[in-house]
Amino acid sequence: MKREDAGLVLAEILREYMHSLGVDDGLKALGYSTEDIPALVRGTIPQKRVTGLAPAGAPGEEELARLLEDSMTIFS
């Protein structure tokens, strides 16, 4: 393995680990759909204690929507 591939290798190991433990595979597994994203964004924006921890500062609505869309499934 090359040093620059370490992140991809670690991500795959974590996916396998989560799958073997039976961790829910994203928001879809919890009953959410893409139709729920606008409401999830509206509910997230006021939670400064969560969004304020983002390394690049609090994300805007578009960033949150994209993050939630990408979180519908995680490791399948």
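Remember, predicted model here, so these are calculated numbers, not experimental data.
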State, to 0.1 Å, how close I45 and K48 come at their nearest heavy-atom pair, and which atoms those are.
O-NZ, 3.4 Å
For G60, does its backbone N or O pair with a side-chain atom of E63 as donor and acceptor, under 3.5 Å?
yes
Joint cluster assignment, V41 & L30, ILVMFWY side-chain distance < 4.5 Å:
yes
Under the ring-ring contact (aromatic ring centres under 6.0 Å, His included) rule, what pairs show up with a residue in residues 12-31, not counting sequence neighbours?
H19-F75
Strictly below 4.0 Å, N to O, side chains only: are R66 and E69 in salt-bridge contact?
no
Looking only at atom types and distance, does a side-chain atom of D24 sit under 3.5 Å from a main-chain N or O of A29, one as donor and one as acceptor?
no
From CD1 (I13) to CG (L8), nearest 0.5 Å:
11.0 Å
Mind checking the OG1-CG spacing from T51 to L64? Nearest 0.5 Å is all I need.
7.5 Å
Could you check whether atom CD of Q47 has more than 12 heavy atoms from other residues, nucleotides or ligands sitting under 6.0 Å from it?
yes
Just jot down the side chain to side chain contact (heavy atoms under 4.5 Å, CB included) partners of E4, sequence neighbours excluded, or say none.
K2
Would you say that more than 12 heavy atoms from the other residues, nucleotides or ligands in this model lie under 6.0 Å from the CD of E61, or not?
no
So, taking the atom named OG1 in T44 and the one named CG in L68, what distance separates them when rounded to the nearest 0.5 Å?
5.5 Å
Find out if a path of hydrophobic residues (ILVMFWY) with successive side-chain heavy-atom gaps under 4.5 Å connects L67 to I74.
no
Check: M18 and D25 side chains under 4.5 Å, non-hydrogen atoms
no
